[in-house]
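Worksheet: one structure, shown below.
In what follows, chains are A, B, ... by sequence order, proteins preceding strands, each numbered from 1.
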Number of protein chains: 2
Amino acid sequence: MSKKITIADVANQAGVSKSTISQYLNNRFEYMGEETRSRIKKAISDLEYQPNVVARSLKKKSTSTIGVIVANILHAFSTQVIRSIENVCNENGFSTIICNADDNPEKEKKYIETLLAKQVDGLIVVPISGNSDTYEKLLNQDFPIVFLDRLVDGLNTDTVLLNNGKASELAVNHLLENGYEKIAIVTTSLIDNVTPRVERINGYIKALEENNISVRTDYIKGMELSKIPQGLNELFSLDEKPDAIVSGNDLTLMEILKYSFEHQIRIGKEIGLITIDEVSFGPIHSPPLTTIAQPTFEMGKEVATILLNKIRDKNAKQDPAVHRYEPRLIVRKSTKKEGAGNE
Amino acid sequence: MSKKITIADVANQAGVSKSTISQYLNNRFEYMGEETRSRIKKAISDLEYQPNVVARSLKKKSTSTIGVIVANILHAFSTQVIRSIENVCNENGFSTIICNADDNPEKEKKYIETLLAKQVDGLIVVPISGNSDTYEKLLNQDFPIVFLDRLVDGLNTDTVLLNNGKASELAVNHLLENGYEKIAIVTTSLIDNVTPRVERINGYIKALEENNISVRTDYIKGMELSKIPQGLNELFSLDEKPDAIVSGNDLTLMEILKYSFEHQIRIGKEIGLITIDEVSFGPIHSPPLTTIAQPTFEMGKEVATILLNKIRDKNAKQDPAVHRYEPRLIVRKSTKKEGAGNE
DNA sequence: CTGAAAGCGCTTACAG
DNA sequence: CTGAAAGCGCTTACAG
């Protein structure tokens, strides 16, 4: 590789000092002579000079880079929010390093350490239970960090997430309005008290109670993805089978669709189905799927904006807030009893 | 934020020089006294010292970071390959910065510049026609770079991509074997000569010719995503409508499924459908979709491995090669005439 | 076996 | 209006 051009080469070429080049690069033209300016400009383009961001970062103690750690990149939610975060960062001259922790606290901790060693200016994280200590240390140091999608017990920091309770209330009420009466909910494992899962279950319970429907614990399935087929088996073996299911997220949805496909269960007619998280094939599924969408774009924008603000004025410490976003019901045929079948 | 601990602090605490700490950090224990070693170890953990990677990178002139620029992150192919690249990089202590160029050459060029300014050690790129000059310059400088998914005319560099011709041959032959005779192909715009699209069309033509079926240009639709509904309209308005469609990729597939859903065209029976690129809902679609899968995991692994090797021995210059991967046919019901309908 | 010194490529007071 | 000097936090010959 040809030798890298540095600021010293440009200084030589233009016949000025390194300092002056640096002023030029940082747009500090106040006192710079018109002629100096154009000489520098020419030297830079002649040499095809590209500043070394690493050196600048070392000196400035800021890298214009943030880290984003998601718990599970397989959720469509993650990828959508990430795209939105990247947009905001790009517009503001920031880079993003994306990490997927696979819901593994060890892995997440290692990522946090790596990102800090890389001197990222801030962190957006979908926190994983078990790393409270790490987060707390960062917060105590006033390191800029914003949580996404999940709250952490006892930690008071800015968090952007869905109004999850509302999401399942919308789901349950919609099902009830469409004549379903025995509503089950299926979601991923509850053992770690992951915020959206817990809140969605609670919203489901609340909605049933408000409608004076008794809550059956055997209608509530919170389990690992791989166990969901078994959970569905249990559900469909009950004396009183449910007539509708609320799917907790897009990954559980796939399990439910697979199961009902394999067992020839006609969605809509035999079992109403509504899922939280919009999916690409929602509109073209047979029958089209009624979903509760999250405003992922806005949420990504918000979480990035909050973080960038924190990074910019470290002093302007506002009280951390929880930012809730409203879910949106998209009605399609999977929750219409008469709408079952292929067309 | 509390003051950052540096190597100097550790040196003080341990009562040795900075050099010695650095030796320790770089695992150069050859001549280090056992006692010095344990004193340093203690100092590091007492102070919770974290090395500053930016400083190290500046000195070492290497960041252990690579850039990945994909043309369009919306393709499932991109996200899958990226995950695989990240796995390999992680295992090797490398970080990845992902950029989405949105098939926009300007945007891509800017990303390349930013990544170079950040001193990435190498680049994986899904090249976009129009930036040949940029790639060429990098190649001439022996900057480590590997192409993915697309070839660039006149540039000789390592490239990992599908055997695209084979993919459409598999598709066409499978359709013919299942009794379809009037086979159309629909893919995204051909104006930029994007490798997979062109090669897939060519494979389609070749397969038809080998079966002595005349190629009809009005059965070949290569157009922007937004124009595809119109293209499908044209296709279905022909006197001799096609009885089967090869979908060029996952995004065109969505358009075709939307169209056939809206127009109540029964897939399988009225129109056979096979798509290149496996999709998550392939198995649970009605009818399940016959697809041609790419070995995205292996391809990502290969492209990352090639790049990391290039980065490690800059000298060991081998001749660049084109690495083709074989597509795999997954037969489901969307290409069975009798298999149409909901179950 | 360990330390002093130089230097990676920048930026930023400060002097003039 | 511009330049000399110090320094960001490391690493690496080299000396001892």
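- Following rounding to the nearest Å, B:Ile40 (CD1) and C:dC1 (P) show an atom-to-atom distance of 13 Å.
- In this structure, A:Tyr24 atom OH and D:dC1 atom C1' are separated by 17 Å, rounded to whole Å.
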Go along nucleotides 10-16 of chain C 5' to 3' and tag each nucleotide: B for a protein heavy atom under 4.0 Å from its base, S when only backbone or sugar atoms are that close, - otherwise.
BBB----

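- Residue A:Val16 places its side chain closer to D:dG3 than to any other of C:dG3, D:dC8, D:dG3.
- Distances shown here put every side-chain N or O of A:Ser17 at or beyond 4.0 Å from the OP1 or OP2 atom of D:dT2.
- With sequence neighbours left out, B:Thr96 forms a side chain to side chain donor-acceptor pair (under 3.5 Å) with B:Glu86.
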Without placing hydrogens or testing angles, list every side-chain donor-acceptor pair under 3.5 Å for residues 41-50 of chain A, not counting sequence neighbours.
| unit_1 | atom_1 | unit_2 | atom_2 | d |
| --- | --- | --- | --- | --- |
| A:Lys42 | NZ | A:Asp46 | OD2 | 2.8 |
| A:Ser45 | OG | A:Lys42 | O | 3.3 |

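- For the side chain to side chain donor-acceptor pair (under 3.5 Å) test, residues two or more places apart in sequence or in another chain that qualify with A:Asn100 are A:Asp102.
- Look at CD on B:Glu34: it is 11 Å from P on C:dT2, rounded to the nearest Å.
- Between the NZ atom of A:Lys61 and the P atom of D:dG7 there is a distance of 13 Å, given to the nearest Å.
- Remark: A:Cys89 SG to A:Ile124 CD1 distance equals 6.0 Å, nearest 0.5 Å.
- Remark: B:Tyr24 pairs with B:Phe29 by the ring-ring contact (aromatic ring centres under 6.0 Å, His included) rule, at least two apart or across chains.
- Residue-level contact check: A:Thr36 touches the backbone only, with heavy atoms under 4.0 Å from sugar-phosphate atoms and none from bases.
- Under the salt bridge (Lys or Arg N to Asp or Glu O under 4.0 Å) criterion, A:Glu35 pairs with A:Arg39, not counting sequence neighbours.
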Would you write the dot-bracket representation of DNA chain D, where each base gets (, ), [, ], | or . depending on whether it forms a Watson-Crick or G-U pair under 3.5 Å and with which partner?
|||.||||||||.|||

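- Listed by first and then second residue, the side chain to side chain donor-acceptor pair (under 3.5 Å) pairs that reach into residues 53-63 of chain A are A:Thr63-A:Asp121, sequence neighbours excluded.
- Between the CD atom of A:Gln119 and the C1' atom of D:dC8 there is a distance of 11 Å, rounded to whole Å.
- For B:Thr195, the side-chain contact (heavy atoms from CB on, under 4.5 Å) partners two or more places apart in sequence, or in a different chain, are B:Arg150, B:Leu151, B:Leu161, B:Glu199.
- Side-chain polar atoms of A:Glu108 and A:Tyr135 form a donor-acceptor pair below 3.5 angstrom.
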